[in-house]
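Below is one structure, written out as structure tokens; comments come after it.
One is the number of the first residue; the rest follow in order along the sequence.
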Amino acid sequence: MRFLSILFFCFFVINTNAAKVVYLQKYLDADTLSYIDAVPAIRKAIKDCVRFHANELLLPEGTLNLKPDYAFEKYEYISNNDPSMKRIAFCLENLKDFTIRGNNTKLLFSGFMSAFSLSNCSDIKIEGISIDYVHPFVSEGKIVDAGTGWYELKFPDSCRVDLLDGSLCIRDEYGITYPFSSLLEFDTERREVAYHAHDYWIYGRTYPAVKTQDGNYRLYRKDFGEARIGNTMVLGATARLNPAFTLWECENINLMNVDIYHCGGMGVIAQSSRNIELNWVNVMPPSDSGRIISASADATHFVNCKGYIRLLNCILRNQKDDATNIHGWYMAIERVLSPEKLLLRWHNSGQFGIRFIKKGMMLEFVDNTNLETYARLQVKSVTYLNAEYAEVTFNQKVPEQVSVNHVVAEDDEYPDVLIKGCYIGNNRARGLLIGSRNRVIIEDCTFHTPGAAILFEGDGNYWYEQSGVRNVIIRNNLFDNCMYGSFTWGNACIAVGSGIPQKKNSRYHRNIVVENNTFETFDSRIVNLYCVDGFIFRNNKIVMSDKYKTYGDSDKRYVTEYCDNVRFE
């Protein structure tokens, strides 16, 4: 039987210069229903790649239809996304030295399904593919009329809309429901967030709606403001369930020539991983679709990563949240159990189930009121009680000033970040949220973000995201009329947005240089900083623009508060 299995594999594989290449096309040809659903063929091909130590899986040119019925299944806790049982097309575990090479291959998904999930993999390359969904996780309706407290929307024929208990219900051709939890107006012509538009959140409620005689739908809410007829109203997905790429404890991962046209969560989310490079990875809606939204959440997101993070020549546009967020995790102190032992708790549900603390790891102790570090201890042992709580024992006694609600974070190593030659804009919210304490270089990029283009974040009271930069260079970039969106998305083009209740004595961020950039702007707010030690703004060009209605006072161009060693040259 084993002999027959080896013969079967030899028929599907070619050895090229000692490299074993598996051709997916042969598995597709062997499955008479693969044109309807390629997932069974993919499962068999990956299984053989693992069993016979293949180096490469070659995908054919054209479109592969992928459905969740026969997909891999596992429960995943994914930082800043929603945990759930996932159906996954390409589930790679413990693989090394492996390439998935597409040939202008389009992966077209149906239903709630993730494209790629990699755990404990190293030296992996994925290239030459695009990812899209038959039915997007967000819905888009044209604003055809509006009045005090109501909007009337016309949905495309491909969007199956109905009323359920007096509220909108959106389904796909299989009857699967796509719930939404927010509304946000986009400028249809400019294909970006409408000028100074803001989110309307549901928070568990529903929008009363009626169907009009001409087949449109009117949504009612008392605080609906003015809306421009002809603009597009985007109904944001309730949950982040299906990222395009999930990386967990991986090393040396390279994504190249990948187009993420849509997904039901983040485009790329990497956690506790090392050496990640995205080269010519584009998160954007397909040009021939008429859709405005690409990914339903952040384009990219990196948590507790090490080594390097490189975003090179990428287009990150029209996603429903930020272009990237790079940070660590803060876990809160719930109780002191003994002189060397603490009970820790996740307070942000988006971090539930993440098990990042390990024996031998160094943890910093941070006062959540000012985000200042006051001690570093080494982990002796850790016991995870469940998805929310963990008991951690240290090799040393915990400091006397330890208090409930103080936070701890890994303090061993931070990623070296290079973001170069990228376009970032037309999305909801901000551009780059930077939180690495290693060197960060942002250069030769174009920003057209509705909020802050570059935001230095981190907080220990709400999102529980470790930040505190130490060495940042921002140079040779074009900031093209940023800050045209909601007032809540940043106080300036380059800003600090950290949640620090007691700012006076905090110097959370350090050593930021902004040089040789061009700011074309209608908004006077260029820089807004607090709790920074070391900031240089030099050789930058500011050009006033009439692309939008002028906003802001000129005396608010540079705002600094509770900062030291600040220079504007």
Of all the heavy-atom pairs spanning Phe456 and Ile494, show the shortest one and how long it is.
CE1-CG2, 4.1 Å

Heavy atoms only: give me the nearest Ser110-Val134 pair and the separation to one decimal.
OG-CG2, 3.6 Å

Are Glu76 and Ile88 packed together at the side-chain level, in the sense that at least one heavy-atom pair is separated by less than 4.5 angstrom?
yes

Go through Asp145 and Arg218 one step at a time and tell me if the side-chain contact (heavy atoms from CB on, under 4.5 Å) criterion holds.
CA-CA 9 Å; Asp145 201 358; Arg218 284 194 179 187; 3.9 Å; yes

Looking only at non-hydrogen atoms, find the nearest pair between Ala332 and Tyr464 and report the distance.
CB-CE2, 4.2 Å

With the threshold set at 4.0 Å, does a side-chain nitrogen-carboxylate oxygen contact exist between Asp82 and Arg240?
no

Close side-chain approach of Arg191 and Thr232, heavy atoms under 4.5 Å:
no

side-chain contact (heavy atoms from CB on, under 4.5 Å) for Phe245 and Val258? Distances and angles first, verdict last.
CA-CA 11 Å; Phe245 292 88; Val258 172; 3.9 Å; yes

Can you tell me how far apart CG (Leu66) and CG (Asp37) are? Round to the nearest 0.5 Å.
6.5 Å

Derivation of the side-chain contact (heavy atoms from CB on, under 4.5 Å) call for Leu235 and Leu183
CA-CA 5 Å; Leu235 286 62; Leu183 296 184; 3.4 Å; yes

Run the side chain to side chain donor-acceptor pair (under 3.5 Å) check on Tyr178 and Asp172 step by step: do they pass?
CA-CA 8 Å; Tyr178 291 78; Asp172 65 13; 2.9 Å; yes

Strictly under 6.0 Å, is that where the ring centroids of Phe90 and Phe72 end up?
no

Distance, nearest 0.5 Å, that separates CZ of Arg430 from CG of Asp322:
4.0 Å

His198 vs Phe487, ring pair (Phe, Tyr, Trp, His ring centres under 6.0 Å): CA-CA, chis, key distance, verdict
CA-CA 8 Å; His198 64 86; Phe487 296 113; 9.3 Å; no

Do Val39 and Arg87 come within less than 4.5 Å of each other through their side chains, counting heavy atoms only?
no

Do the two ring centres, one from Tyr530 and one from Tyr508, sit under 6.0 Å apart?
no

Check step by step if side-chain contact (heavy atoms from CB on, under 4.5 Å) holds for His347 and Val407.
CA-CA 10 Å; His347 280 284; Val407 294; over 6 Å; no

Quick check on side-chain contact (heavy atoms from CB on, under 4.5 Å): which of Ser117, Ser114, Cys263 does Asn242 satisfy it with?
Ser114

Does some side-chain heavy atom of Leu163 sit less than 4.5 Å from a side-chain heavy atom of Tyr217?
yes

Quick one: does Asn318's side chain have a donor or acceptor within less than 3.5 Å of a partner on Asn427's backbone?
no

To the closest 0.5 Å, what do you measure between CD (Gln502) and CG (Asn368)?
9.0 Å

More than 12 heavy atoms of other residues, nucleotides or ligands under 6.0 Å from OH of Tyr220: yes or no?
yes

For Trp280, is the CH2 atom crowded, meaning more than 12 foreign heavy atoms sit under 6.0 Å from it?
no

Return yes when atom CG of Asp555 has more than 12 non-hydrogen atoms of other residues, nucleotides or ligands closer than 6.0 Å, and no otherwise.
yes

Output the distance between atom NE2 (His301) and atom CD1 (Ile326), rounded to the nearest 0.5 Å.
9.5 Å

Do the side chains of Trp463 and His327 get nearer than 4.5 Å, heavy atoms only?
no

Test of ring centre spacing under 6.0 Å for Tyr261 and Tyr133:
no

Shortest non-hydrogen contact from Gln271 to Tyr77?
NE2-O, 3.3 Å

More than 12 heavy atoms of other residues, nucleotides or ligands under 6.0 Å from OH of Tyr35: yes or no?
no

Does the distance from a Lys or Arg side-chain N to an Asp or Glu carboxylate O, for Lys547 and Glu520, drop under 4.0 Å?
no

Is the closest side-chain heavy-atom distance between Tyr423 and His448 below 4.5 Å?
yes

In terms of the angle between their ring planes, are Phe522 and Tyr195 parallel, tilted or perpendicular, with boundaries placed at 30° and 60°?
tilted

Relative to each other, are the rings of Tyr548 and Tyr484 parallel, tilted or perpendicular (30° and 60° limits)?
parallel

Give a yes or no on this: more than 12 heavy atoms of other residues, nucleotides or ligands lie within 6.0 Å of atom NZ of Lys142.
no

Measure the shortest side-chain to side-chain distance between Cys493 and Thr521 over non-hydrogen atoms and say whether it is less than 4.5 angstrom.
no

Atom CG of residue position Asp223 - does it have more than 12 heavy atoms of other residues, nucleotides or ligands inside 6.0 Å?
yes

Nearest-0.5 Å distance that lies between atom CZ in Phe180 and atom OG1 in Thr238:
8.0 Å

Can you name the closest pair of heavy atoms from Tyr330 and Asp459 and give their distance?
CD1-O, 3.2 Å

Pair Asn282-Asp259, side-chain donor/acceptor within less than 3.5 Å:
yes

Between Arg160 and Asp162, does any side-chain N to carboxylate O distance fall below 4.0 Å?
no

Looking at Asn517 and Phe519, what are the two nearest heavy atoms and their distance?
CB-CE1, 3.9 Å

Please check if atom OH in Tyr462 has more than 12 non-hydrogen atoms from other residues, nucleotides or ligands closer than 6.0 Å.
no

Any Lys/Arg nitrogen of Arg525 or Asp523 sitting under 4.0 Å from an Asp/Glu carboxylate oxygen of the other?
yes

For residues Thr212 and Asp214, is any side-chain donor paired with an opposing acceptor at under 3.5 Å?
yes

Close side-chain approach of Ile542 and Arg557, heavy atoms under 4.5 Å
yes

